[in-house]
Amino acid sequence: MKTLSFLLAALLCICPPACGTRPAAAAVTDAGERVIYLTFDDGPTDSTTPKALDILREFGVKATFFVIGRQIRGREEILRRTAAEGHAIGIHTYTHDYAAIYRSREALLENIGRCRDAIRAALPGYDRNIYRFPGGSFL
């Protein structure tokens with residue numbers, strides 16, 4: 001129970017309800033099974049990401065980690081571990097600086113490209129096109 005409590009606390013710290021996105025989304029498969037998509041934003045971090053990975057491994061759970069490109073430097077091994085353990089890696093921009101990335105369409109695309117490049121530097125061959133808007137998406 002302590003481990004599960006930590007996971008829930010980590011979810012709220014990484015993506016609190018007020019941030020505009022939900023930490024997990026639910027769906028129903030064609031076979032009627034319930035599925036939860038667990039996601040983490042704003043990593044990798046030295047403190048939270050390895051603990052979250054340990055808990056996910058303990059319970060045999062996979063997640064998607066939306067990373068900030070500038071946070072990868074010095075944490076390449078954490079990102080490689082994340083991928084090696086079967087988790088998806090998604091783009092959450094390079095800077096997470098709203099004023100800079102949302103200044104124009106071009107600025108946003110450049111920031112996304114920089115994040116993709118940072119991921120590819122740590123994970124050669126990375127070819128995912130999973131993206132989560134920083135601050136959430138309000139349509």
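In what follows, every heavy atom counts, from backbone to side chain, and hydrogens, waters and symmetry copies are set aside.
Not counting sequence neighbours, the partners of Ala99 by the side-chain contact (heavy atoms from CB on, under 4.5 Å) test are Asp97.
The backbone N or O of Gly74 sits less than 3.5 Å from a side-chain atom of Glu76, completing a donor-acceptor pair. Although no hydrogens or angles enter the test, the distance criterion places a donor-acceptor pair under 3.5 Å between the side chain of Arg80 and the main chain of Ala122.
Minimum interatomic distance between Cys115 and Gly69 (heavy atoms only, all atoms of both residues): SG-N, 3.5 Å. Nearest heavy atom pair, residue Ala107 against residue Ala100, reads CB-O, 3.4 Å. Heavy atoms only, all atoms of each residue included: Gly90 and Tyr126 are closest at CA-OH, 4.0 Å. In plain terms, the two heavy atoms of Ala63 and Leu56 that are nearest each other are CB-CD1, 4.0 Å.
Residue pairs meeting the side chain to side chain donor-acceptor pair (under 3.5 Å) criterion with at least one partner in residues 82-96, sequence neighbours excluded, are Asp42-His92, Asp42-His96, Arg57-Glu85, Arg81-Glu85, His92-His96, Thr95-Asn111.
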Would you please test Val67 and Ile91 for side-chain contact (heavy atoms from CB on, under 4.5 Å) and show each step? CA-CA 6 Å; Val67 301; Ile91 297 169; over 6 Å; no
Could you please spell out the steps behind the side-chain contact (heavy atoms from CB on, under 4.5 Å) verdict for Tyr37 and Thr64? CA-CA 8 Å; Tyr37 296 94; Thr64 300; over 6 Å; no
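A single hydrophobic cluster is seen to contain both Leu79 and Tyr131, as judged by linkage of ILVMFWY side chains at heavy-atom distances under 4.5 Å, directly or through other members. Under the 4.5 Å side-chain heavy-atom criterion for grouping Ile, Leu, Val, Met, Phe, Trp and Tyr, Ile55 is connected to Phe40 within one hydrophobic cluster. The same ILVMFWY cluster, assembled from side-chain heavy atoms under 4.5 Å apart, contains both Ile112 and Ile119.
Residue Asp46 holds its CG atom at 11.0 Å from NZ of Lys51, rounded to the nearest 0.5 Å. Note that the CD1 atom of Ile101 and the CZ atom of Phe133 stand 9.0 Å from one another [nearest 0.5 Å]. To the nearest 0.5 Å, atoms CD1 (Ile72) and CD1 (Ile89) are separated by 8.5 Å. The CG atom of Asp117 sits 9.5 Å away from atom CD of Glu110, with the distance rounded to the nearest 0.5 Å. Note that CZ of Arg132 is 3.5 Å distant from OG1 of Thr39, once rounded to the nearest 0.5 Å.
Within the 4.5 Å cutoff, the side chain of Tyr102 has heavy atoms near those of the Leu108 side chain. Side-chain contact check for Ile78 versus Pro50: some heavy-atom pair is nearer than 4.5 Å.
A donor and an acceptor atom, one from each side chain of Arg75 and Thr45, are nowhere located under 3.5 Å apart.
Put simply, the residue from Leu38, Leu53, Asp41 that forms a side-chain contact (heavy atoms from CB on, under 4.5 Å) with Phe65 is Leu53.
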